[in-house]
Amino acid sequence: MKKEYDFSKAKRVQKNKEVKVIKTFRLDPEVLSWLEAEGEKQGMGYQTFLNWFLLKSMNSQESFEDRLAKLESAIFKRKT
């Protein structure tokens with residue numbers, strides 16, 4: 001290492017407002033495989049894909065109940 005460094009042209013780093021949180025959680029192997037495959041299709045890592053997918057779901061205009069009703073009507077077509 002040098003005994004002296006020249007910091008005269010150094011710039012301060014702007015703090016990133018979007019702080020990522022490190023959290024450990026467990027996934028079924030099938031879920032992880034799907035995340036990895038879908039992330040690869042989208043050209044991103046599985047963690048980036050998971051974050052994008054969850055943000056997309058979170059920001060969806062439909063409520064959980066609305067999405068569930070759509071699924072139920074598609075699965076259990078009712079005869080009228």
Side-chain angles (χ1 to χ4, degrees):
M1 280 182 38
K2 293 182 180 181
K3 290 187 179 187
E4 289 187 31
Y5 290 91
D6 180 16
F7 292 106
S8 62
K9 296 180 183 176
K11 296 180 182 178
R12 289 192 163 229
V13 176
Q14 296 291 325
K15 290 187 179 181
N16 188 355
K17 293 181 182 180
E18 296 181 24
V19 176
K20 301 285 184 173
V21 176
I22 298 173
K23 183 73 176 173
T24 302
F25 57 97
R26 298 169 190 239
L27 300 172
D28 290 335
E30 300 85 24
V31 173
L32 182 58
S33 294
W34 179 81
L35 285 170
E36 290 170 338
E38 291 300 312
E40 190 172 320
K41 286 180 190 176
Q42 299 297 325
M44 59 183 82
Y46 76 94
Q47 290 177 326
T48 304
F49 175 75
L50 175 61
N51 192 62
W52 170 82
F53 187 79
L54 291 173
L55 280 170
K56 181 180 153 195
S57 298
M58 185 177 77
N59 293 329
S60 171
Q61 297 298 321
E62 290 183 313
S63 69
F64 174 76
E65 290 79 12
D66 293 338
R67 293 191 312 252
L68 183 59
K70 278 187 181 179
L71 283 171
E72 286 177 338
S73 65
I75 295 171
F76 306 110
K77 294 192 184 238
R78 302 180 199 268
K79 294 181 183 179
T80 54

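In this structure a side-chain-to-backbone donor-acceptor pair under 3.5 Å is missing from Asp28 to Glu30.
Scored by the side chain to side chain donor-acceptor pair (under 3.5 Å) test, Glu38 finds Lys41 as partners (sequence neighbours excluded).
Under the 4.5 Å side-chain heavy-atom criterion for ILVMFWY residues, a single connected hydrophobic cluster contains both Phe25 and Leu32. Leu35 and Leu54 fall within a single hydrophobic cluster, where Ile, Leu, Val, Met, Phe, Trp and Tyr are joined by side-chain heavy atoms under 4.5 Å apart, directly or via other members. In the hydrophobic clustering of this structure, Leu55 does not group with Tyr46; members are Ile, Leu, Val, Met, Phe, Trp, Tyr whose side-chain heavy atoms approach within less than 4.5 Å, directly or through other members.
Interatomic distance, CZ of Phe76 versus CG of Leu71, reported as 10.0 Å (0.5 Å rounding).
None of Met44, Glu36, Glu40 except one satisfies the side-chain contact (heavy atoms from CB on, under 4.5 Å) rule with Phe49; the exception is Met44.
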